[in-house]
Amino acid sequence: MNAYAPILVLGALGAGFAIFSVVMATLIGPKRYNRAKLDAYECGIEPTPTPAGGGRFPIKYYLTAMLFIIFDIEIVFLYPWAVTFDALGVFGLVEMLLFVLTVFVAYAYVWRRGGLEWD
């Protein structure tokens, strides 16, 4: 248990700082709203109240998020493989090539179908 004590202390310090920051910001932060705060943002979008359901988003946002997650998962699998590359030998190389090829085929399919187009 002594080996995990520094990790627990660091986690407690991080959580404590986060909670302290949020509480202090709500207690001493400004609560006055004026015309400048309610004006359009720099991007030109007028701040309007959102509907009760939160509004609708185009499906492209979700597709892009899923693609991002797929490639993040690929990177998560590449790190341990790179660390143990010497120990795995040719078998590990062939398996990783098959994995990357599978992900590349999925990427090519999405690209061909126009999943990366925003028009």
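All values below come from the heavy atoms of this structure, side chains included, with hydrogens, waters and symmetry mates left out. Quick note: residue numbers are just sequence positions, from 1.
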CA sep, side-chain torsions, deciding dist, call: Y109, V105, side-chain contact (heavy atoms from CB on, under 4.5 Å)
CA-CA 6 Å; Y109 174 77; V105 167; 5.5 Å; no
For a 4.5 angstrom cut-off between non-hydrogen side-chain atoms, does Y79 reach I75?
yes
Side chain to side chain, I73 and F77, heavy atoms closer than 4.5 Å:
yes
Say you draw a straight line from [atom1] of [X] to [atom2] of [Y]; how long is it, rounded to the nearest 0.5 Å?
X: L13; Y: L8; atom1: CG; atom2: CG; answer: 11.0 Å
X: L93; Y: W81; atom1: CG; atom2: CH2; answer: 6.0 Å
X: M96; Y: F85; atom1: CE; atom2: CZ; answer: 10.5 Å

Decide whether I69 and V103 are clustered together by the hydrophobic rule: side chain heavy atoms of Ile, Leu, Val, Met, Phe, Trp, Tyr closer than 4.5 Å, transitively.
yes
Do V100 and L97 sit in the same hydrophobic cluster, where Ile, Leu, Val, Met, Phe, Trp and Tyr count as joined when their side-chain heavy atoms come under 4.5 Å apart?
yes
Please verify the inter-ring angle class for Y107 with F104; under 30° counts as parallel, over 60° as perpendicular, anything in between as tilted.
tilted
Taking transitive links into account, so neighbours of neighbours count too, which hydrophobic residues share a cluster with F20 at under 4.5 Å side-chain distance?
I19, V23, M24, L27, I28
